[in-house]
Structure formats: structure tokens, C-alpha cells
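Treat the numbers as computed from the prediction; the structure is a model and nothing was measured. Remember, it's 1-based here, ligands and their atoms both numbered in the order they're listed.
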Amino acid sequence: MNIVVLGPGAIGSLWASYLHHAGHSVSLWSRHTESTISIQRDEHAPIQFGNRSKHALEHADLLLVTLKAPQVEDALSELKPLINKDTVVTLMHNGMGTAEVVSELLIDNPLVLATTTHGAYRKSSHHVLHTGLGKTELGGYNSTGKRCEFLAEVFQHALPQVVWNPSILDALWNKLAINCAINPLTAMHRVANGELAQSQYQDTLQSVINEVTLVMQAEGIDTNSEMLSQSVAQVIQATAKNLSSMQQDIVHQRQSEIDFITGYLIEKAQQHKIATPVNRSLYDAIKNIEQGWN
Ligand code: NAP
Ligand code: PAF
């Protein structure tokens, strides 16, 4: 396939490298203007990728968007004139809310959503480390996207484990629940994920989960607070030594994904007239930190 990876940061470089090794013709679209970019994954030989090729973008079968959620709308609005209506657009990022915007922006394109638990770390702009094996779920958002099940095989061949999930929104909501619980708290307190197992965080965690459960149920998702508490506890344990993505963003004074995580939850809660005071206070705390940088 002809594939363009838009936003070749940690996760984008990882997929670009694996898709290249699986035999696809992969090109990048980064913010930087050089016409080629060399990327090394772990200890493999560096690969030279074309960058910002209009021809590659216009002829892409797949546009894999690995930008952070707040970057998606602006980047795709700018590139819209170069995106062919047959190109399958796949969004792979934490948080929710971009699909609604992108499906209206690129109205004719098949839209696929993805979530991954692989870990990637960018040692430098030319060197990415695959820091943790994980699982990737893909699923269609619009009617043409729902017919793209073949993509699961393409991704599986490059970097398993990949499944096609016809209920991808459920998977994204379950991931959102985990991110609502772990990300703002670790960012505010500047602690590793595992610290959230300590007793002083349990009341807040439980309140966050209870609020998220009500919103998910109102969205028609079959879940309950025991199930969500268990998933959150499992992720806290499995990623105990990790610093959450939001904590890293806050430490480096980069805009976090709070608007697309807790912000998205609050927006949906308002639509269903559900009170979310604890999530609101975490949202305000992170926004206050970000506004303090100005
Ligand atoms: P990242 O390293 O910051 O990657 C995003 C990339 O997009 C950066 O390289 C950034 O460029 C680039 N970019 C920003 N605006 C752009 C534009 N207009 N045009 C082209 N490129 C642009 O972040 P990441 O860690 O890969 O994460 C991406 C998403 O995946 C996030 O939602 C994250 O939560 C999720 N995720 C990450 C991991 C992981 O292990 N890293 C795992 C699962 C999910 P600059 O480099 O110039 O800033
Ligand atoms: O955003 C993150 O950091 C990750 O999604 C997670 C699962 C919270 C682990 O750190």
C-alpha cells in the first residue's frame, strides 16, 4: 500500500518503521521541511523516508494520523486540498472528539479509528525505541470506514497483535476511562502511575470512575464501576514505573490532551445532564497549570 504517516513522532515513527519492513511504500508528513527523514527503530538500520511529498499524499491509500489529539484538526484542515477522497484516514491517538470533526471535514473519506497500547519513546528525532509490546484495535467510524476491515490484516502483518473491532467507540471509551483516572492525577502530583495505588488517591480515583461510568452508560456502553475500577487498577499495576503521557506533557510545558480526555467526558456529561464535579476539578487543575505558562 501507499501509506503516509502524518505526525511522525514516537508512535508514528514506530508504525512507519514496521509498515516499511512489511513491504509497504511509506512516506512521512512531518512539520519539518526536509525532503527526507531518516528514522532508526531500536538497533535496526536507519530507513530513509520521503517527507512532505505532495505526490505521495495525493496518491496515498492510507493516511495514518499519529498526531496528538489537539493537533489533528488544524493539520488535516491544512492538508485537505491534497487528500484524495478514496484515501482511508486512520486516527491513532489518546482521547476522543476528533472523529466528529474529521468526519465533517473529510466528508467523503473512509474514516477508521485506532487505539494502541504499544509503547514508543523518541530518543531523538531520528531514533525511536519500541519500549513495550501491546495490542492495537481498529474499527470504522463512518459507513465507508466500516468496510475497511482489511486494514486489520495490513496492520497485523506489520506489528501484531491487531484486531478489527466493530464497536471501536466502546474500546475508545474504555481507554478514555483509564486516561481520565490516571492522566490528570499523575500530572498534577508529578508521580509515576504506580503511585496511584496508594491509599491517598483511592477516593478521588473512585469518584472519577463513578462519574465516567454514568456517562458511559448514558452513551449506551455496557459497563459498570467495578469493571472500570478493575481495568484502571490493572493499568496502574502494569505501568507502575511509567510516567503518563499527560505528566510528560506538563513537565515539558507542552499542551496536554486534557481537552480530548477529561474535557470530552465533561462535554458528553453535560449533554446527558450528568454532574461530574471531580472530573471537572481535575480538568480545571490541568488547565490552570497550562494557562500559568503564558
Ligand atoms: P509525539 O511524539 O509528540 O508525536 C506527535 C508528532 O506530531 C510530533 O512529532 C509532532 O512534531 C508532530 N506534529 C505536530 N503537529 C504537526 C503538523 N501540523 N504536521 C505534522 N506533524 C505534526 O506523540 P506520541 O507519543 O507519538 O503520541 C501520539 C499519540 O499517540 C498521542 O495521542 C499519544 O497519547 C498516543 N499514544 C502514544 C504512545 C506512546 O508510547 N508514545 C502509546 C499509545 C498512544 P514535533 O516533533 O515537531 O513536535
Ligand atoms: O497516556 C498514557 O500515558 C497511557 O495511555 C496510560 C495507559 C495512562 C499509561 O501511562
task = Mind checking whether Leu243 contacts ligand 2 via backbone (N, CA, C, O), side chain (CB onward), both or neither, at a 4.0 Å heavy-atom cut-off?
result = neither
ask   = So which heavy atom in the protein is nearest atom 9 (C) of ligand 2, and how far is it from that ligand atom?
value = Asn193 ND2, 3.5 Å
key: Heteroatom distance test (Asn179, ligand 2): nitrogen or oxygen, under 3.5 angstrom   = yes
ask   = Quick one: does Asn94 get an N or O within less than 3.5 Å of an N or O on ligand 2?
value = yes
Residue and atom name of the nearest protein heavy atom (relative to atom 23 (O) of ligand 1), distance in Å to one decimal = Lys68 CE, 3.4 Å
message = Any side-chain to backbone donor/acceptor pair from Ser27 onto Val4? Under 3.5 Å, distance only.
response = no
message = Just to be sure I read this right, does ligand 1 sit under 4.0 Å from the backbone of Ser30, its side chain, both, or neither, counting only heavy atoms?
response = backbone
Top protein contact for atom 3 (O) of ligand 2, by heavy-atom distance = Ser245 N, 2.8 Å
Exercise: identify the closest heavy-atom pair between Trp164 and Gly145 = CH2-O, 3.5 Å
ask   = With atoms numbered from 1 as shown, which atoms in ligand 1 lie under 4.0 angstrom from a non-hydrogen atom of His118?
value = 40 (O), 42 (C), 43 (C)
Minimum non-hydrogen distance to atom 34 (O) of ligand 1, winning option of His93, His32, Glu257 = Glu257
key: Residue Trp29 vicinity, atoms of ligand 1 by number, heavy atom under 4.0 Å   = 20 (C), 21 (N)
inquiry  = To check you understand the geometry: which heavy-atom pair defines the closest contact between Cys180 and Ile261, and what is its length?
reply    = N-CG2, 3.7 Å
query = Should the pair Arg254-Asp249 be classified as a salt bridge under the 4.0 Å nitrogen-to-oxygen rule?
reply = yes
key: Modelled atom types, side-chain donor and acceptor of His44 and Ser17, under 3.5 Å   = no
query = Are side-chain N/O atoms of Asn51 and Glu34 paired as donor and acceptor at under 3.5 Å?
reply = no
key: Short side-chain donor-acceptor distance under 3.5 Å, Glu219 and His272   = yes
query = Going by distance alone, is a donor N or O of one side chain under 3.5 Å from an acceptor N or O of the other, for Gln161 and Thr136?
reply = no
ask   = Can you tell me the protein heavy atom closest to atom 26 (O) of ligand 1 and the distance?
value = Ile11 N, 2.8 Å
inquiry  = Less than 3.5 Å apart, any donor N or O on the side chain of Ser244 or Thr186 sitting next to an acceptor on the other?
reply    = yes
Heavy atom of the protein closest to atom 43 (C) of ligand 1 (residue, atom name, distance) = Thr116 O, 3.5 Å
task = Please write down residue, atom name and distance for the protein heavy atom closest to atom 7 (O) of ligand 1.
result = Gly7 CA, 3.4 Å
query = If you count the atoms of ligand 1 from 1 in the order shown, which ones are under 4.0 Å from a heavy atom of Gly119?
reply = 40 (O)
task = Under 4.0 Å, heavy atoms only, figure out whether ligand 1 is touched by the backbone of Thr131, its side chain, both or neither.
result = neither
query = Heavy-atom distance to atom 10 (C) of ligand 1: which of Arg31, Arg254, Met246, His252 wins?
reply = Arg31
inquiry  = Aromatic contact between Trp173 and Tyr264, with the criterion being ring centroids under 6.0 Å apart: yes or no?
reply    = yes
query = Which residue holds the protein heavy atom closest to atom 41 (N) of ligand 1, what is that atom called, and what is the gap in Å?
reply = Ala120 O, 3.1 Å
task = Measure the distance from atom 7 (C) of ligand 2 to every protein heavy atom, then report the residue, atom name and distance (to 0.1 Å) of the closest one.
result = Val235 CG1, 3.8 Å
task = Please identify which atoms of ligand 1 are closer than 4.0 Å to at least one heavy atom of Gln71.
result = 7 (O), 14 (C), 15 (N)
key: atom 13 (N) of ligand 1: the protein heavy-atom neighbour that sits closest, reported with distance to 0.1 Å   = Leu67 CD2, 3.4 Å
request  = Please write down residue, atom name and distance for the protein heavy atom closest to atom 28 (C) of ligand 1.
outcome  = Thr66 O, 3.4 Å
inquiry  = For His24 together with His20, are the ring centres under 6.0 Å from each other?
reply    = no
query = Which protein non-hydrogen atom lies closest to atom 18 (N) of ligand 1, naming both residue and atom, and how far is it?
reply = Ala75 CB, 3.7 Å
message = With no hydrogens and no angle check, just 3.5 Å: does a side-chain donor-acceptor pair link Tyr18 and His130?
response = yes
task = I would like to know whether Glu211 and Asn279 meet side chain to side chain donor-acceptor pair (under 3.5 Å); could you show each step before the answer?
result = CA-CA 8 Å; Glu211 292 175 8; Asn279 279 285; 2.8 Å; yes
inquiry  = List ligand 2 atoms under 4.0 Å from Asn183, heavy atoms only on the residue side.
reply    = 1 (O), 2 (C), 8 (C)
inquiry  = Quick one, Thr239 with Asn193, criterion side chain to side chain donor-acceptor pair (under 3.5 Å). Give me CA distance, side-chain angles, the key distance, then yes/no.
reply    = CA-CA 6 Å; Thr239 64; Asn193 295 353; 2.9 Å; yes
task = With atom 35 (C) of ligand 1 as the reference point, say which of Asn183, Leu129, Asn94 has the nearest heavy atom.
result = Asn94
request  = May I ask you to list the atoms of ligand 2 that are less than 4.0 angstrom from any heavy atom of Ser244?
outcome  = 3 (O), 10 (O)
request  = Look only at the side chain of Gln202 and the backbone of Leu196, and say whether a donor-acceptor pair between them is shorter than 3.5 Å.
outcome  = yes
query = Should Lys175 be counted as touching ligand 2, given the test is an N or O pair under 3.5 Å?
reply = yes
